[in-house]
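Ligands are counted one by one from 1 in listed order, and the atoms in each one are counted from 1 as well. Counting begins at 1 with the first residue of the sequence.
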Amino acid sequence: MSRITWTPEQLRGFWRDMHRIRAFERAAIYQSSLGKIYGALHSYEGQESCAIGVCNALQRGDYVASTHRGHGHCVAVGARMDRMMAELFGRIDGYCKGKGGSLHIADVGAGMLGANGIVGAGYAIAAGAALTAKVSGSGRVSVVFFGDGAVTRGTFHEVMNMAALWKLPLVLVCENNGLAQYVPTAETMVFENVSSLAQGYKMPGVAVDGNDIRAVHEAALVAVERARQGQGPTLLELHTQRYHGHSSGDPQVYRSKAEVEALRLATDPIVRLENELLAAGLLADREALLAQIDAEVAQAVAFAEASAYPADEELSTDVYA
Ligand SMILES: Cc1ncc(C[n+]2csc(CCOP(=O)(O)OP(=O)(O)O)c2C)c(N)n1
Ligand SMILES: [Mg+2]
């Protein structure tokens, strides 16, 4: 039983913000198909409840380290969609002046420590931010998102040990979608589930249905509070799924269209909350809200189109060897 009293405004906010992520992802894929976006895109569609449930448990100033599937995390921490889209378009008004693209969107000032093309690289960055928070006594909390495919990296185990030993204010969030590129992760792990690994590192390990936004949010609130109180890290495992291929251009030979469609019907976290809100009469303005989101995304695309490419002089700025 949930200990939280959910307000209609909060649930409507979750619904709207999950839709904002999905609308951004769909527009990005479309723009990519038009050749407007450089590099591969990794769609977050299907996993929206993870980013929104977790990031809504954070306060301004907290840190988030993201993954290659990072657009949803950026939107969830409050990044501007227009600057995100400009980054995908490789334009100067993007978060990294168009030089990072989808895999490197970062807004350090807002606590978004960056998407990351290196699987498992976010752990150490987030642990470093958590150590800064602890040493400086800032009271900030650090969250690292990662996929199930990243759990078998050595960095995961190094950070689990150090974060527990030093009681760092860190929340480790595994978005377990069952796949690492084209391989079922169950075939790559000797352990049965990710959350059980927490036991060896003497921290709480919590597994929840990632499609239940309430469950995600509640688990995140507990973990974030624990971290903020100086009680150390928590490992959260969110069972989720992606509805697209690993990245744009993946023909998905490892699963059929019918399988994906059935998965979508059975799991969609947005539809799940939407059905509940509709039944409770809390979404009479659904169409108007969706139109607002579409307008925000269209404006983001127009902003990206209108932004210039970085000048040649930008080639060597913000570059560290
Ligand atoms: C260090 C490293 N090894 C391999 C890759 C290639 N690679 C990119 S994504 C990926 C799978 C990641 O799976 P998971 O962590 O479960 O995230 P998901 O794509 O499912 O969200 C791999 C192996 C990489 N980018 N970095
Ligand atoms: Mg995965």
Cationic N near anionic O, under 4.0 Å, D107 to R80: no
Min N/O separation I118 to ligand 1 under 3.5 Å: no
Atom 26 (N) of ligand 1: the protein heavy-atom neighbour that sits closest, reported with distance to 0.1 Å: V119 N, 3.1 Å
Location of contacts on Q181 toward ligand 1, heavy atoms closer than 4.0 Å: both
Rounded to 10 degrees, the angle OD1 of D148 makes with O of L179 at the Mg ion (ligand 2): 120°
Polar proximity ligand 1 side, A180 side, N/O cut 3.5 Å exclusive: no
Side chain S142, main chain A126, donor-acceptor under 3.5 Å: yes
Ring geometry between Y44 and H73 (parallel below 30°, tilted from 30 to 60°, perpendicular above 60°): perpendicular
The single option from T240, N177, N211 passing side-chain hydrogen bond (donor to acceptor under 3.5 Å, both in side chains) against Q47: N177
Min N/O separation Q47 to ligand 1 under 3.5 Å: no
Hydrophobic cluster membership, L236 vs M203, 4.5 Å side-chain cutoff: no
2.8 Å cut-off met by an N, O or S atom of E175 to the Mg ion (ligand 2): no
N or O pair under 3.5 Å between H68 and ligand 1: yes
Proximity flag R153 to ligand 1, non-hydrogen atoms under 4.0 Å: yes
Residue portion contacting ligand 1 (non-hydrogen atoms closer than 4.0 Å) for T185: neither
Close side-chain approach of Y201 and L235, heavy atoms under 4.5 Å: no
Geometric class of the F14/W6 ring pair [parallel <30°, tilted 30-60°, perpendicular >60°]: perpendicular
Cationic N near anionic O, under 4.0 Å, E45 to R264: yes
Best match, A40, G149, S43, G70: closest heavy atom to atom 15 (O) of ligand 1: G149
H246 and ligand 1 - part of the residue with a heavy-atom distance under 4.0 Å: side chain
Which segment of D148 sits under 4.0 Å of ligand 1 when only heavy atoms are counted: both
R16/E296 salt bridge by N-O under 4.0 Å criterion: no
Electrostatic pair R22:E25 at N-O distance under 4.0 angstrom: no
G117 heavy atom under 4.0 Å from ligand 1: yes
Heteroatom test (N, O or S) for N176 near the Mg ion (ligand 2), limit 2.8 Å: no
Protein non-hydrogen atom below 4.0 angstrom of atom 4 (C) of ligand 1 present: no
Enumerated ligand 1 atoms positioned under 4.0 Å from heavy atoms of N177: 18 (P), 20 (O), 21 (O)
Hydrophobic cluster membership, V75 vs I270, 4.5 Å side-chain cutoff: yes
Any N or O of R69 closer than 3.5 Å to N or O of ligand 1: yes
